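The structure appears below as structure tokens.
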Amino acid sequence: MHDALKSNSGYHKELDEALNDEFLRRTLDTFAVAYRANREAVFKEVDERGLIAKVADAKDYACQHMEELYSQFKAEAEKRGVHVHRAVNAAEANEIISRIARENNVKRVVKSKSMTAEEIELNPALEAQGLIVDETDLGEWIIQLRHEGPSHMVMPAIHLSRYQVADDFTKATGTKQDSDVQHLVKVARVQLRRKFVAADMGISGCNFAVAENGAVSTVTNEGNARMVTTLPRVHVAIAGLDKLVAKLDDALTALLVLPRNATAQRLTSYVTWMCGAGPCAANADNKKIMHVVFLDNGRTEIAKDPLFKQIFRCVRCGACANVCPVYRLVGGHKMGYIYIGAIGLILTYFFHGKERARILSQNCMGCESCANVCAGGIELPRLIREIRARLNEEQGAPIEANLLSAVMKNRKLFHKLLKFASFAQKPFTRGAQFQRHLPAVFMGKHNFKALPAIANKSFRDRWPEIAPKVQNPVMRVAIFSGCAQDFIYPEQLEACVKILAAKNVAVDFPMEQSCCGLPLEMMGQRKTSIDVAKQNLAAFRGGNYDYIITLCASCAGHLKHHYPQILDKDYALVEGQAFASKVIDFSSFVHDVLKLKPEDFHKSGQKVTYHASCHLCRGLNVKEAPRALIADAAEYVPCEEEEVCCGFGGSYSVKFPEISAQLLEKKVTNMKATGADRLVVDCPGCVMQLRGGAEKQGLNIKVDHISELLADNLKK
């Protein structure tokens, strides 16, 4: 896998291999569904957002005072007989641990699970010194036997079946092993206990390093970590500097979140605190030889970065992988380098090379599931977008990204090209909604859905004819159309205008508006993204609008949240915030501002199901409004996994069609299972994906925007 990250073609071959692994798909599917339900249940007992905020505050404090806390920890630990070291990089950390082994005549080493040890590739370094190194976490031992890396930060062997494990244990023991899980656990227990007894040195990770008393901790569901830290005469704990916390209370607060987020448990089986070198009869002074090695490896520089320093809030729970739709399909070996999931994409950039990060960082569709569950409240999607922007600035952007950037920067040219496309497509559409006659050579992996036709007449060209004349309006709003609804689905905007006019709302459509810029942001084209944002601010300037309504959840999220972020050091900061404060999605406006009720609709008997667009339900946290509106206008039929991504992700579906296709297949299957006549969404990109999938499969189900459902059933 590591070699595959050197080229796009190699990486896509690896993805195909994972997608064809039926066991992996089935296992991760089962886990993802169960995890979401169990996590929701276990967090009902606590103030989730309050706890996450406390964890973030404590970790931010530790980041800002890293040097002070390190000095305090070192002083307190050394008072208690512990040797404390600090390594600048991976090579120095490995040398320190190797030296400790030599000085203490160590021959055999047992280890408990440690992602920091994985980061520095400790095992090969120790083995090169002639040491025998055995992992003792069950999952880690299994993948060590297979010469693999972990596929999850908490469950390293989640990708393997019991039959594969039985084969591995057969090879390791020289005896044919049954695939019964309990039998395999007993085999592992027997094998590992021999290793514990024979070991001279134990190496553990560290979940928290408490400065006020010099204590280190391990948080596990197996007893192996306690064996590693107690039985051998030498114990080395390895910790990134980001594991420092000021007080024991900070760690205890994090422990209310960590197990709930990692495995949906209230508490793990073992939480161990080691405060000083404990007794050990094997040593002459009856004291354990205990060392703590702190790893920098770029952490002190990251701590100075005003944006990326928040990655030190990570408690290594793995939840960002648990909810990631891409991880769910391809697993951790394809969704990370050493660290897994969204945080892994970011850490790869800092710890393991920018070339690897360039390919990995593209494999995020920005669905915001990770940010929604992060135990430290890290802005993971934002940081991934920032890495893309930095990589483009440092290494140059791909040619196709530069071409699109040049076109989108020039609004008039961009719109002329779209209008030209509406004429150029006619041989392939013949008046239909879809590109029906495209040669197969143009499709390739994209043949999993029908592609939409560009409208014969854009919304902006229709506007002079349909602009409502409202007398004594209750408020004045503007419509932000976005590209897709302006040029592909103008009927969605017309439905919105019909509703607004019926409720005596004055509507404006500023003609100078352009693309929101999110596609540019997702490609790392930050400079052009800012240019486009400025164009849109200028287009809406002076309108004195009460609200700026958009029918695209992705546009709404970008305008409302990202504009103030990317314009942070720009003259338009204040204007950008004022603009963002007026942006509202269509469903929230209709439900919460206009307050449409059941009596405003002729309720049809049509069965209507719903797909919750990622940037609506998570990015904007709008959940109830669209469902209530559907129930007001028709018979609402809930769909399984309504809030799971459909796989569109804008340019993501172009870059990773193999993954987009699988996510769409799952959504279409769930959609069919409802027996609904119609599916509605709040985002034109989702319409494009889901309507294209339904058309390709010949389904007799209408897919459109929620505005069209409401307009169809609105009382005159």
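Remember, predicted model here, so these are calculated numbers, not experimental data. Side chains are part of it too, since the values below use all heavy atoms of this structure and drop only hydrogens, waters and symmetry mates.
- Here Glu119 contributes atom CD and Asn297 contributes atom CG; the two are 5.0 Å apart, rounded to the nearest 0.5 Å.
- Atom CD of Glu22 is surrounded by 12 or fewer heavy atoms from other residues, nucleotides or ligands within 6.0 Å.
- Atom CD of Gln565 is separated from atom CD of Glu379 by 5.5 Å, given to the nearest 0.5 angstrom.
- Not counting sequence neighbours, the partners of Arg146 by the side chain to side chain donor-acceptor pair (under 3.5 Å) test are Glu148, Asp168.
- Between Phe350 and Phe308, the two ring planes are perpendicular [angle over 60°; tilted spans 30° to 60°].
- Atom NE2 of residue His12 and atom CZ of residue Phe656 lie 4.5 Å apart, to the nearest 0.5 angstrom.
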Residues Gln689, Ser660; criterion side chain to side chain donor-acceptor pair (under 3.5 Å); working and verdict: CA-CA 9 Å; Gln689 178 86 337; Ser660 181; 3.0 Å; yes

- request: Begin from the C-alpha positions of Val326 and Tyr652 and carry the test side-chain contact (heavy atoms from CB on, under 4.5 Å) through to its verdict.
  value: CA-CA 11 Å; Val326 180; Tyr652 183 89; 3.4 Å; yes

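- Listed for the Tyr11 side chain is a donor-acceptor partner under 3.5 Å among the backbone atoms of Lys334.
- Other residues, nucleotides and ligands place no more than 12 heavy atoms under 6.0 Å from the NZ atom of Lys607.
- Smallest separation of non-hydrogen atoms from Ser204 and Ser114: C-CB, 4.5 Å.
- Ion pairing of Arg316 with Glu118 is absent here, as no side-chain N (NZ or NE/NH1/NH2) approaches a carboxylate O to less than 4.0 Å.
- A heavy-atom distance below 4.5 Å is found between the side chains of Val323 and Tyr35.
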task: Before giving the answer on side-chain contact (heavy atoms from CB on, under 4.5 Å), spell out for Leu663 and Phe648 the whole-Å C-alpha distance, their side-chain angles and the decisive distance to 0.1 Å.
output: CA-CA 9 Å; Leu663 291 171; Phe648 179 63; over 6 Å; no

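- Ion pairing between a basic and an acidic side chain is recognised when a charged N comes within 4.0 Å of a carboxylate O; Lys111 and Glu135 show such pairing.
- Using a 4.5 Å cut-off on side-chain heavy atoms (C-beta onward), Met115 and Ile338 make contact.
- Residue Thr609 comes nearest to Cys639 through the heavy atom pair OG1-CB, 3.1 Å, listed as atom of the first residue, atom of the second, then distance.
- Contact annotation: the side chain of Arg313 approaches that of Asp60 to within less than 4.5 Å [non-hydrogen atoms, C-beta and beyond].
- Proximity of Asn363 to Met335: side-chain heavy atoms (C-beta onward) are separated by under 4.5 Å at one or more points.
- In terms of modelled atom types and a separation under 3.5 Å, the side chain of Arg385 and the main chain of Glu521 share no donor-acceptor contact.
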Stepwise side chain to side chain donor-acceptor pair (under 3.5 Å) check, Asn221 with Ser269: CA-CA 5 Å; Asn221 273 320; Ser269 301; 3.2 Å; yes

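- Arg388 and Ser361 form no side-chain donor-acceptor contact under 3.5 Å, judged by distance and modelled atom types alone.
- Across all their heavy atoms, Gln144 and Asn123 have their closest contact at NE2-ND2, 3.9 Å.
- Legend: side-chain hydrogen bond (donor to acceptor under 3.5 Å, both in side chains) pairs involving residues 240-257, not counting sequence neighbours, sorted by first then second residue: Asp242-Arg299.
- Here the side chains of Leu138 and Ile142 are in contact, with some heavy-atom distance below 4.5 Å.
- In this structure the side chain of Arg266 reaches within 4.5 angstrom of the side chain of Val42, judged on heavy atoms.
- Ion pairing of Glu642 with Arg627 is present here, as a side-chain N (NZ or NE/NH1/NH2) and a carboxylate O approach within less than 4.0 Å.
- The six-membered or imidazole ring of Tyr163 lies away from that of Phe23, with a centre-to-centre distance of 6.0 Å or more.
- The only member of Val668, Asn670, Thr669, Leu664 that meets side chain to side chain contact (heavy atoms under 4.5 Å, CB included) when paired with Lys666 is Asn670.
- Electrostatic pairing of Glu140 and Lys113 does not count as a salt bridge here, judged by no charged N lying under 4.0 Å from a carboxylate O.
- Ile343 is listed as a side-chain neighbour of Ile311, based on a closest heavy-atom distance under 4.5 Å.
- Contact record, Leu24 with Leu329: CD2-O, 4.3 Å, taken as the closest heavy-atom pair.
- Contact record, Ala157 with Ile143: CB-CG2, 4.1 Å, taken as the closest heavy-atom pair.
- Under the side chain to side chain donor-acceptor pair (under 3.5 Å) rule, Asn224 has a single partner from Thr229, Asp137, Thr136, which is Thr136.
- A 6.0 Å sphere centred on CZ of Arg162 holds more than 12 heavy atoms belonging to other residues, nucleotides or ligands.
- Remark: the backbone N or O of Asp16 is paired with a side-chain donor or acceptor of Asn20 at under 3.5 angstrom.
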message: side-chain contact (heavy atoms from CB on, under 4.5 Å), that's the test. Do His591 and Glu624 meet it? Break it down for me.
response: CA-CA 9 Å; His591 185 264; Glu624 297 307 318; 5.9 Å; no

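- A distance-only check finds no donor-acceptor pair linking the side chain of Glu641 to the backbone of Lys667 [under 3.5 Å].
- Note that CD1 of Ile630 is 10.0 Å distant from CZ of Arg678, once rounded to the nearest 0.5 Å.
- A donor atom on one side chain and an acceptor atom on the other are not found under 3.5 Å apart for His333 and Ser151.
- Side chain of Asn38 to backbone of Ala34: a donor-acceptor contact under 3.5 angstrom is found.
- Distance check: Arg328 CZ to Asp29 CG gives 4.0 Å after rounding to the nearest 0.5 Å.
- One distance of note links CZ of Phe196 with CG of Leu192; it measures 5.5 Å at 0.5 Å rounding.
- In terms of modelled atom types and a separation under 3.5 Å, the side chain of Ser217 and the main chain of Phe208 share a donor-acceptor contact.
- Counted within 6.0 Å of NZ on Lys54, heavy atoms from surrounding residues, nucleotides or ligands total 12 or fewer; the atom is thus considered open.
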message: I'd like to know whether Arg226 forms a side-chain contact (heavy atoms from CB on, under 4.5 Å) with Met274, so could you lay out the CA-CA distance, the side-chain angles of the two residues, the decisive distance to 0.1 Å, and finally the verdict.
response: CA-CA 10 Å; Arg226 287 190 172 175; Met274 291 157 280; over 6 Å; no

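- Side-chain contact check for Glu222 and Thr220: no donor-acceptor pair (N or O, by modelled atom type) lies under 3.5 Å.
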- request: Starting from the C-alpha separation in whole Å, work towards a yes-or-no answer on side chain to side chain donor-acceptor pair (under 3.5 Å) for His152 and Asn322.
  value: CA-CA 9 Å; His152 190 282; Asn322 295 350; 2.6 Å; yes

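- With hydrogens and angles disregarded, a donor-acceptor distance shorter than 3.5 Å links the side chain of Asn261 to the backbone of Val373.
- Between Glu48 and Arg260, none of the side-chain N atoms (NZ, or NE/NH1/NH2) sits under 4.0 Å from a carboxylate O, so this pair counts as no salt bridge.
- For the pair Ile238/Ile120, a side-chain contact is recorded, criterion being any heavy-atom separation below 4.5 Å from C-beta on.
- Heavy atoms only, all atoms of each residue included: Leu307 and Glu386 are closest at CD2-CG, 3.7 Å.
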- prompt: Could you go step by step and tell me if Ser554 and His615 meet the side chain to side chain donor-acceptor pair (under 3.5 Å) rule?
  reply: CA-CA 5 Å; Ser554 299; His615 295 135; 2.8 Å; yes

